[in-house]
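Each ligand, and each atom within it, is numbered from 1 in the order the structure gives.
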Amino acid sequence: MAPYLNLQGNILAAEAIIRSGTEDQCRRFLTPTASGEMLWCQLFSEPGAGSDLAGLGSMATPTAEGGFLLNGQKVWSSNAQFAEYGILMARTDPDAAKHQGISFFLLDMSLPGVEVRPIKQMTGDQEFCEVFFTDVDLAPDSIIGRPGDGWQVAMNVLLDERGSFGAAGVISLEHELDNLSQLGKNEGSLGPVAADDLASLVARGHALKALLNRLGSAPEAAPAAKLLRTEISAATSHLAASMRGADGMLNDATTQDLLYAPGMGIAGGSSEIQRNIIGERVLGLPREPR
Ligand SMILES: Cc1cc2nc3c(=O)[nH]c(=O)nc-3n(C[C@H](O)[C@H](O)[C@H](O)COP(=O)(O)OP(=O)(O)OC[C@H]3O[C@@H](n4cnc5c(N)ncnc54)[C@H](O)[C@@H]3O)c2cc1C
């Protein structure tokens with residue numbers, strides 16, 4: 001499932017800047033981002049704060065000059081090794097309530113004190129990185145919104161991220177299912193189990209497209225799209241591998257899809273978290289204990 005090119009810039013950073021940035025930030029960042037000159041990364045997750053994002057510990061301490069001094073660590077930051085800027089969440093007030101002491105920044109990745117270390121994933125690629133901050137001097141105009149507004153800015157960004165997974169996923173869904181059907185035809189005599197699985201996946205794909213057409217941009221569309229799309233992707237890659245049998249092990253694309261699929265159920269909020277959101281915010285079920 002191919003995400004948008006520079007998703008972190010065109011969808012996440014751009015939306016945050018348009019919604020909550022100043023006119024000057026819009027002028028500086030939107031055009032180079034849209035033209036593809038400026039690549040971005042998303043610096044949200046930390047070793048101790050993934051699903052529980054508000055538990056983040058990176059600190060941006062206000063300075064006498066009106067800026068902030070940043071210290072801490074992020075992890076799983078996709079494309080951070082290529083990015084010129086990152087959207088960053090950091091704690092500016094350790095005494096405030098968990099969600100209220102967080103602020104949202106645009107971080108120049110070339111600043112002294114920013115260190116990026118790529119991580120090798122099981123596909124063999126190095127898509128994401130650890131990013132370390134040691135006394136990074138953030139200018140006053142690098143904050144988006146006011147200090148303490150960061151959680152709200154980030155919630156909108158995460159909604160856009162989930163929505164884009166679903167939207168980008170639906171664009172590629174048809175292609176993925178066509179390839180699978182073609183593979184079924186090429187394999188000649190599909191066994192009854194594989195034929196049944198193939199038909200069921202194609203039906204699930206059509207049902208997802210119909211659901212998203214109906215929901216449009218309704219708030220429940222984003223978590224549902226992300227959850228269902230990543231589940232179909234995982235099932236598609238498994239079925240393709242089993243239809244190819246031992247030959248699949250020699251096929252780079254099959255292996256790549258199979259190894260990449262589990263990550264899609266984690267990136268942008270895990271499937272369990274999407275289920276929690278659907279249960280609590282869409283179906284109105286009792287909240288899980290916190
Ligand atoms: C391919 C990929 C790209 C990524 N890119 C980025 C990026 O660019 N920027 C960025 O900031 N992050 C990125 N991430 C990180 C991703 O957002 C986190 O991995 C994700 O939010 C989960 O956090 P975690 O890894 O800390 O797992 P944890 O939060 O520790 O969760 C571990 C397990 O517990 C489950 N779990 C946790 N809490 C609950 C709960 N309340 N109810 C039920 N189950 C629960 C989870 O579903 C999971 O199975 C990326 C991840 C992947 C895989």
**Q.** Proximal candidate to atom 4 (C) of ligand 1 [heavy atom criterion; set W76, F44, W40]
**A.**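 Checking each option, the heavy atom nearest atom 4 (C) of ligand 1 is found in W76.
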Q.
For atom 8 (O) of ligand 1, tell me which residue out of G50, P262, S78 has the closest non-hydrogen atom.
A.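 Residue with the shortest heavy-atom distance to the ligand atom: S78.
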Counting only heavy atoms closer than 4.0 Å, does ligand 1 sit against the backbone of [X], its side chain, both, or neither?
X: S270; value: side chain
X: I273; value: side chain
X: N79; value: neither

Are [X] and [Y] close enough for a salt bridge, meaning some N to O gap below 4.0 Å?
X: E176; Y: R229; result: yes
X: R244; Y: D247; result: no
X: E46; Y: R91; result: no
X: D141; Y: R28; result: yes
X: D52; Y: K98; result: yes

Q.
Tell me if a side-chain donor or acceptor on K226 pairs with a main-chain N or O of M264 at a distance below 3.5 Å.
A.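 Judged by distance alone, yes, a pair lies under 3.5 Å.
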I want to know if ligand 1 touches [X] in the polar sense, i.e. an N/O pair below 3.5 angstrom.
X: E127; value: no
X: E288; value: yes
X: E46; value: no
X: Q42; value: yes
X: Y260; value: no

Q | Residues F44, W76; criterion ring-ring contact (aromatic ring centres under 6.0 Å, His included); working and verdict | A | CA-CA 9 Å; F44 285 10; W76 317 127; over 10 Å; no
Q.
Can you check atom 34 (O) of ligand 1: any protein non-hydrogen atom closer than 4.0 Å?
A.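 No; the ligand atom in question lacks any protein heavy-atom contact below 4.0 Å.
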I'd like a table of donor-acceptor pairs (distance under 3.5 Å, sequence neighbours excluded) in which one partner is a side-chain atom from residues 129-137, with atom names and distances.
{"residue": "E130", "atom": "OE2", "partner": "Q73", "partner atom": "NE2", "Å": "3.3"}
{"residue": "D135", "atom": "OD1", "partner": "N71", "partner atom": "ND2", "Å": "3.0"}

